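Note that the structure is predicted; figures quoted are calculated from it, not measured. All residue numbers in this chain count up from 1 along the given sequence.
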Amino acid sequence: MDSKPTEISSSKMFDGFNKRYRHFSPTLGCSMTFSIYFPPSPNPSDKFPVLYWLSGLTCSDENFIIKSGAQRVASIEGVALIAPDTSPRGLNVEGESDSWDFGVGAGFYLNAKQDKWKNWRMYDYVVKELPTLLSENFPQLDTSRASISGHSMGGHGALTIYLKNLEKYKSVSAFAPIVNPMNCPWGQKAFTNYLGENKADWEEYDATLLVSKFKDVSATILIDQGEDDKFVGLSLL
């Protein structure tokens with residue numbers, strides 16, 4: 001299958017365009033989709049900085065693009081929005097769709113170590129494969145000027161990816177993130193199944209543990225947690 005992205009939909013919004021693409025991912029071993037909002041540009045040679053958005057449990061690449069309205073600000077500021085999917089799809093691994101918080105739609109932005117889930121390598125997909133794909137196929141995107149953001153499981157992913165790759169991203173923003181997955185039911189379920197029983201492997205994907213390792217680090221981080229979030233006791237422990 002061709003790893004070069006193929007456009008599968010396009011719609012105009014705030015003078016720019018939402019476009020959706022499909023490609024084969026060697027990292028994940030399956031066909032993947034991602035969405036891009038291209039802001040308007042008076043100059044065809046302009047290159048846009050990018051903001052990666054990582055969505056939460058049960059979501060796809062379309063949720064943020066369809067529901068957020070972030071394109072209004074992106075259009076004004078001249079920022080391209082990049083929304084990848086949340087997990088591999090179509091692999092037909094036994095049990096992949098048995099629950100809403102694990103498997104399909106629940107990649108947790110990590111690299112699985114258990115053989116059954118060996119294709120669940122969303123960390124490498126987001127950090128390595130997707131930026132390279134964008135850089136090679138969309139000359140109007142400046143992937144060297146990138147920030148990352150996300151919600152819930154995606155907030156967890158954004159924080160851990162940022163903290164492990166400070167040289168790649170200008171900032172991180174996380175909304176109602178799972179910041180201490182080692183100590184909440186969602187994280188424990190995902191980590192046990194994807195990573196196994198070794199807690200040292202879990203620590204590599206826990207923002208609370210990762211940030212505790214830094215001293216005098218220069219970082220730009222926004223975390224926003226609504227006080228009426230019914231999951232606040234689970235997502236911010």
Side-chain angles (χ1 to χ4, degrees), residues 28 52-60 63-64 84-88 93 95-127 147-166 168-169 171-237:
L28 305 177
Y52 294 97
W53 173 267
L54 307 184
S55 288
L57 289 165
T58 76
C59 292
S60 72
N63 291 74
F64 177 73
D85 205 346
T86 55
S87 77
V93 176
E96 67 177 16
S97 299
D98 286 355
S99 57
W100 65 275
D101 57 352
F102 181 78
V104 172
F108 273 83
Y109 305 102
L110 50 71
N111 288 338
K113 289 182 174 290
Q114 298 301 294
D115 188 63
K116 179 178 180 179
W117 304 102
K118 61 185 178 182
N119 294 85
W120 267 249
R121 300 184 62 82
M122 289 301 296
Y123 177 89
D124 276 357
Y125 179 75
V126 171
V127 175
S147 291
I148 192 165
S149 186
H151 166 250
S152 190
M153 177 186 73
H156 142 76
L159 287 168
T160 56
I161 286 171
Y162 174 78
L163 290 170
K164 295 169 76 169
N165 299 275
L166 292 171
K168 288 182 177 289
Y169 306 98
S171 66
V172 61
S173 302
F175 301 90
I178 306 172
V179 297
N180 191 202
M182 291 183 66
N183 289 310
C184 75
W186 296 323
Q188 292 165 352
K189 178 179 180 178
F191 286 3
T192 299
N193 285 282
Y194 289 137
L195 301 173
E197 299 291 343
N198 187 348
K199 297 296 177 66
D201 292 332
W202 295 21
E203 292 178 5
E204 291 300 308
Y205 299 102
D206 188 299
T208 301
L209 272 294
L210 288 173
V211 79
S212 69
K213 298 178 181 180
F214 292 113
K215 296 187 187 306
D216 301 322
V217 67
S218 177
T220 303
I221 300 173
L222 167 69
I223 298 176
D224 189 282
Q225 175 70 48
E227 293 180 354
D228 292 332
D229 186 342
K230 66 179 181 180
F231 295 120
V232 66
L234 294 176
S235 59
L236 278 176
L237 290 173

Chemist: Are S55 and M153 side-chain neighbours, meaning at least one heavy-atom pair lies under 4.5 Å?
Modeler: no

Chemist: Can you name the closest pair of heavy atoms from V126 and P84 and give their distance?
Modeler: CG2-CG, 4.4 Å

Chemist: If you round to the nearest 0.5 Å, how far is CG of L110 from CG of D206?
Modeler: 11.5 Å

Chemist: Before giving the answer on side chain to side chain contact (heavy atoms under 4.5 Å, CB included), spell out for I148 and L159 the whole-Å C-alpha distance, their side-chain angles and the decisive distance to 0.1 Å.
Modeler: CA-CA 8 Å; I148 192 165; L159 287 168; over 6 Å; no

Chemist: Might you point out which heavy atoms bring Q114 and T192 nearest each other, and give the distance in Å?
Modeler: CG-O, 4.5 Å

Chemist: Quickly, which of Y109, Y52, Y169 forms a side-chain contact (heavy atoms from CB on, under 4.5 Å) with V127? Name it, please.
Modeler: Y169

Chemist: Strictly distance-based, threshold 3.5 Å: is any side-chain N or O of T160 a donor or acceptor partner for the main-chain N or O of G157?
Modeler: yes

Chemist: Hey, could you give me each pair passing salt bridge (charged side-chain N to carboxylate O under 4.0 Å, His left out) that has a residue in residues 191-202? Not counting sequence neighbours.
Modeler: none

Chemist: Measuring from L54:CG to M122:CE, what's the distance to the nearest 0.5 Å?
Modeler: 8.0 Å

Chemist: Just wondering, more than 12 heavy atoms not from K189 lying within 6.0 Å of its NZ?
Modeler: yes

Chemist: About how many Å separate OH of Y123 and CG of N165, when rounded to the nearest 0.5 Å?
Modeler: 3.5 Å

Chemist: I need the minimum non-hydrogen distance between G196 and W202, along with the two atoms involved.
Modeler: O-NE1, 2.8 Å

Chemist: If you count the non-hydrogen atoms of other residues, nucleotides and ligands that lie under 6.0 Å from NZ in K113, is the total more than 12?
Modeler: no

Chemist: May I ask you to test the S87-W120 pair for a side-chain heavy-atom distance under 4.5 Å?
Modeler: yes

Chemist: Taking it one step at a time, do Y125 and D85 satisfy side chain to side chain contact (heavy atoms under 4.5 Å, CB included)?
Modeler: CA-CA 10 Å; Y125 179 75; D85 205 346; over 6 Å; no

Chemist: Could you tell me which non-hydrogen atom of P181 sits nearest to which non-hydrogen atom of F191, and how far apart they are?
Modeler: CG-CZ, 3.6 Å

Chemist: Examine distances only and state if a side-chain atom of Y194 and a backbone atom of G103 form a donor-acceptor pair shorter than 3.5 Å.
Modeler: yes

Chemist: Counting N and O atoms only, with roles assigned by atom type, does the side chain of N119 sit under 3.5 Å from a partner on the main chain of L28, one being a donor and the other an acceptor?
Modeler: yes

Chemist: Minimum heavy-atom separation for A200 to N198, with atom names?
Modeler: N-OD1, 3.0 Å

Chemist: Can you tell me how far the OG atom of S99 sits from the CG atom of N193, to the nearest 0.5 Å?
Modeler: 8.5 Å

Chemist: Please check this pair: side chain of Y205 against backbone of N111, looking for a donor-acceptor N/O pair closer than 3.5 Å.
Modeler: yes

Chemist: N63 vs T58, test: side chain to side chain contact (heavy atoms under 4.5 Å, CB included). Steps then yes/no.
Modeler: CA-CA 10 Å; N63 291 74; T58 76; over 6 Å; no

Chemist: How long is the straight-line distance from OG of S149 back to CZ of F64, given to the nearest 0.5 Å?
Modeler: 7.0 Å

Chemist: Between the side chain of S171 and the main-chain N/O of T220, is any donor-acceptor distance below 3.5 Å?
Modeler: no

Chemist: Roughly how far, to the nearest 0.5 Å, is the CD1 atom of I178 from the NE2 atom of H151?
Modeler: 9.0 Å

Chemist: Looking at E203 and K164, is any side-chain nitrogen of the basic one under 4.0 Å from a carboxylate oxygen of the acidic one?
Modeler: no

Chemist: Would you indicate whether the side-chain heavy atoms of L163 and V172 approach each other to under 4.5 Å?
Modeler: no

Chemist: How close do L57 and A106 get, counting heavy atoms only, and between which atoms?
Modeler: CD2-CB, 3.5 Å

